[in-house]
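Notes follow the structure.
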Amino acid sequence: DIGPKIRKDFDFSVVRSDLNAINEALDEDTQRGTDRIVRAILQDITELEIAQKQKPGVPRSETRLKNVCGKLDKLEKAFGDYLAFA
């Protein structure tokens, strides 16, 4: 089960707080671009939480695994986009 690892590494409130703190240090023009990306990151974390849920004792199907990997790829891209502003 990857749920506990995701919740630990991508704690929604911690990530939101950290990104907002970084955003406050940026100029207003940059913030306009990063605000959109921050919202996308937070949405991607929520989608990942939902996609990774699995009933106990039921193996993860190939389709579900691809879905989780796709969500992780999307999240990685969003973080990359955010870092491009820094």
Side-chain angles (χ1 to χ4, degrees):
D1 183 26
I2 61 174
K5 179 75 172 153
I6 290 171
R7 283 186 292 281
K8 180 179 176 260
D9 291 349
F10 297 111
D11 184 308
F12 189 88
S13 61
V14 172
V15 171
R16 181 182 60 214
S17 177
D18 290 349
L19 291 174
N20 285 338
I22 293 167
N23 232 19
E24 289 176 11
L26 303 174
D27 64 71
E28 287 184 29
D29 289 336
T30 303
Q31 283 181 15
R32 278 192 274 282
T34 57
D35 283 343
R36 177 186 51 82
I37 297 171
V38 167
R39 286 192 302 274
I41 288 171
L42 296 174
Q43 179 63 35
D44 291 345
I45 291 171
T46 301
E47 290 176 8
L48 179 60
E49 279 269 343
I50 293 167
Q52 67 79 31
K53 288 185 181 180
Q54 187 72 18
K55 292 180 183 176
V58 177
R60 194 174 307 275
S61 70
E62 192 66 31
T63 301
R64 288 186 62 98
L65 181 59
K66 285 181 184 177
N67 189 20
V68 169
C69 289
K71 299 294 182 189
L72 286 167
D73 290 343
K74 187 177 171 193
L75 186 58
E76 180 180 22
K77 182 186 180 314
F79 274 115
D81 291 346
Y82 185 81
L83 291 174
F85 275 94

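Remember, it's a predicted structure, so these values are computed and weren't measured experimentally.
Note that the CD atom of Glu28 and the CG atom of Asp35 stand 10.5 Å from one another [nearest 0.5 Å]. To the nearest 0.5 Å, atoms CZ (Arg7) and CZ (Phe12) are separated by 14.5 Å. Going from atom CD of Gln31 over to atom CD1 of Ile22 covers 12.0 Å, rounded to the nearest 0.5 Å. Here the CG-NZ distance, from Asp73 to Lys66, works out to 13.0 Å after rounding to the nearest 0.5 Å. We find the CG-CZ distance between Asn67 and Arg60 to be 9.5 Å, quoted to the nearest 0.5 Å.
Applying the side chain to side chain donor-acceptor pair (under 3.5 Å) rule to Lys55 yields no partners; only residues at least two apart in sequence or on another chain are considered.
A donor-acceptor distance shorter than 3.5 angstrom exists from the side chain of Thr34 to the backbone of Thr30, with no hydrogens or angles considered.
The hydrophobic clustering, which links ILVMFWY residues whose side-chain heavy atoms are closer than 4.5 Å, places Ile2 and Leu72 together.
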Please output the side-chain donor-acceptor pairs of residues 36-52 that fall under 3.5 Å, not counting sequence neighbours, one pair per line with the distance.
| unit_1 | atom_1 | unit_2 | atom_2 | d |
| --- | --- | --- | --- | --- |
| Gln43 | NE2 | Glu47 | OE2 | 3.3 |
| Asp44 | OD1 | Lys74 | NZ | 3.4 |
| Thr46 | OG1 | Leu42 | O | 3.1 |
| Glu47 | OE1 | Lys71 | NZ | 3.2 |
| Glu47 | OE1 | Lys74 | NZ | 3.1 |
| Gln52 | OE1 | Gly3 | N | 3.1 |
| Gln52 | NE2 | Glu49 | O | 3.2 |

